[in-house]
Amino acid sequence: MIILDNVTKIYENGVVGLKNIDLRINEGEFVFVVGNTGSGKSTLIRLLLKEIEPSSGAIVIGDKNLTRMNKEQIPYLRRNIGVVFQDFRLFENKTVFENVAFAMKVIEQPAKTIRRTVPNILSAVGLEGKARCYPKQLSGGEKQRTVIARAILNNPSILLADEPTGNLDPKTSWDIIKVLEEINRSGTTVIVVTHNQEIVNSMQKRVIQIEAGKIIRDVIKGGYRE
Amino acid sequence: MKLTSFNHFIGEGFEGVFKNKSMAFASIATTAVCILMLGIAFLTMKNIEFNVENIETDINITVFLDEKMTEDEVSAFKGIVLKNSEIESIDYISKDEALKRFVAETGLPEELASDLVGALRASFEIKLRNNKDEQSVIDVLSQMEQIVKINTPREAMKLLIDLKNFIQATSIAIISILVVVGVILIGNTIQLTVYIRRNEIKIMKYIGATDWFVRWPFIIEGLFIGFFGTIIPLIILFFAYNFFVNIFNQAVSIDSEKLIDFMPIMDVYQELVPIALILGLGMGIVGSMIIIRRHLRA
């Protein structure tokens with residue numbers, strides 16, 4: 001479970017990222033976070049990853065209070081949160097296999113376990129036969145699948161996707177959303193930040209709309225606009 | 001640290017060196033110059049100490065007597081001196097004997113030598129039971145009216161010790177400056193790697209890498225630079241020292257007798273190698289740690 005209790009984030013330059021946010025996301029939910037550019041969506045993601053600290057309020061993920069967490073504990077928090085970015089953020093000098101395997105190397109898994117697990121994950125996201133390709137040899141959709149494979153490799157309880165379809169064509173975007181939905185079905189909480197109205201409208205999942213740092217709409221089943 | 005991670009760190013560390021070849025080369029070169037300076041200074045100081053010790057173990061005081069003294073007076077003098085319990089023996093070196101020794105030492109023809117050393121005098125060589133008593137014996141001898149001059153190897157030794165101290169002080173100053181330059185250069189090399197890999201570091205952090213997981217490849221890179229910057233000058237110095245010793249002994253020895261005793265290189269390296277490795281690897285670690293720490297804080 002994710003709880004934000006009266007969370008405010010004001011940046012050093014005075015810009016308000018989020019203001020008095022109260023939010024609760026249950027385990028296994030699929031949530032779309034929508035809003036205009038600069039509304040505070042990315043601030044929310046960065047707060048959940050403990051990349052930035054809230055100015056006030058408390059954030060709890062599972063049984064961990066992020067506001068009381070010290071620097072040494074952050075990596076262990078992030079191992080429980082998979083992240084997918086719009087710009088992929090893959091290692092260009094590593095193959096698909098190596099990119100995905102890296103998430104297991106970071107948590108010091110034995111090479112044998114890595115060799116056994118990675119092909120299964122690649123297969124689950126539809127990247128069979130692409131293990132030896134470098135990112136520059138992949139299409140946008142394949143790159144995003146690689147990122148998703150890396151994000152879910154260590155079985156995180158939460159998957160954060162920041163504009164995962166932002167750089168993809170409509171068909172590929174749908175493929176990626178289907179993959180995310182499949183991951184959600186296995187019990188992972190999925191939070192998707194997006195501008196893609198068609199997908200949000202069609203999926204009819206929980207939608208949280210943020211504008212000017214405030215939650216202006218939170219519906220269990222909804223579309224991009226009211 | 002697990003074996004999988006260790007292999008990963010070594011691989012990434014090597015990759016860092018080869019990605020920034022020119023900067024890595026500059027860092028290795030600076031470290032190498034620093035270690036070379038250390039090695040030269042160390043070898044010089046060790047050899048001076050070695051020769052001072054050799055002189056000390058065979059210490060003789062030479063006293064020159066008034067030339068007007070008769071043979072009886074000389075014998076009487078010898079008897080007085082031998083009564084001193086701190087003196088083991090006293091040998092009379094006549095003027096002719098002194099000339100023979102000079103000819104043997106210099107290799108000059110006897111006629112030429114006798115012209116050059118017309119001022120050679122008869123002397124007594126006094127051997128002490130214990131070198132520590134040297135000063136007290138000199139104090140006693142200098143009270144005796146028959147003695148016009150006292151020579152002691154201390155003068156030559158003092159010169160050597162002064163030279164050693166000068167080399168030590170100069171070397172410490174130069175090495176200190178080079179260490180700072182080396183650390184800065186290694187730091188710059190690492191900083192370049194950090195800059196090239198800034199996105200990779202960001203990704204690592206997002207997927208839950210600890211600071212140490214991020215840090216190790218850069219420390220390994222610094223260690224590689226420090227290691228090669230140490231080993232290369234040590235190898236060069238090894239061969240250069242042996243070459244120099246051979247050339248010097250051939251050029252300066254007299255009648256196959258060495259003028260200076262050089263220490264065997266392996267004896268010096270037993271002390272020098274650990275010191276050089278600590279300094280070189282230390283420069284690598286410090287340089288990389290400073291930079292990566294700064295980056296991770298930011």
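On a predicted model such as this, the values are computed, not experimentally measured, just so you know. Per chain, numbering begins at 1; letters A, B, ... match sequence-line order.
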Report, as yes or no, whether the 6.0 Å neighbourhood of atom NZ on A:K130 holds more than 12 heavy atoms from other residues, nucleotides or ligands. no

Euclidean distance, B:N199 CG relative to A:D87 CG, rounded to 0.5 Å: 8.5 Å

N/O donor-acceptor pair under 3.5 Å between A:R89 side chain and B:I203 backbone: no

For B:H8 and A:F102: C-alpha separation, side-chain torsions, deciding distance, then whether side chain to side chain contact (heavy atoms under 4.5 Å, CB included) applies. CA-CA 10 Å; B:H8 166 76; A:F102 198 79; 3.3 Å; yes

How close do A:P75 and B:T210 get, heavy atom to heavy atom, and via which atoms? CG-CA, 3.7 Å

Is there a side chain to side chain contact (heavy atoms under 4.5 Å, CB included) between B:K205 and A:I74? Walk through the geometry before answering. CA-CA 9 Å; B:K205 301 287 284 176; A:I74 297 173; over 6 Å; no

Lys/Arg N to Asp/Glu carboxylate O, B:E15 vs A:K94, below 4.0 Å: no

Are B:D211 and A:K71 side-chain neighbours, meaning at least one heavy-atom pair lies under 4.5 Å? yes

With a sphere of 6.0 Å drawn around CZ of A:R24, does it hold more than 12 non-hydrogen atoms of other residues, nucleotides or ligands? no

Whether over 12 other heavy atoms sit under 6.0 Å from B:F25 CZ: no

Quick one: does any side-chain atom of A:R79 pair with a main-chain N or O of B:I207 as donor and acceptor, under 3.5 Å? no

Where does A:L77 contact chain B at under 4.5 Å (heavy atoms): side chain, backbone, both or neither? neither

Please classify the contact between A:E92 and chain B as side chain, backbone, both or neither, with a heavy-atom cut-off of under 4.5 Å. neither

CZ-NZ distance between B:F213 and A:K105, expressed to the nearest 0.5 angstrom: 7.5 Å

Where does A:N93 contact chain B at under 4.5 Å (heavy atoms): side chain, backbone, both or neither? side chain

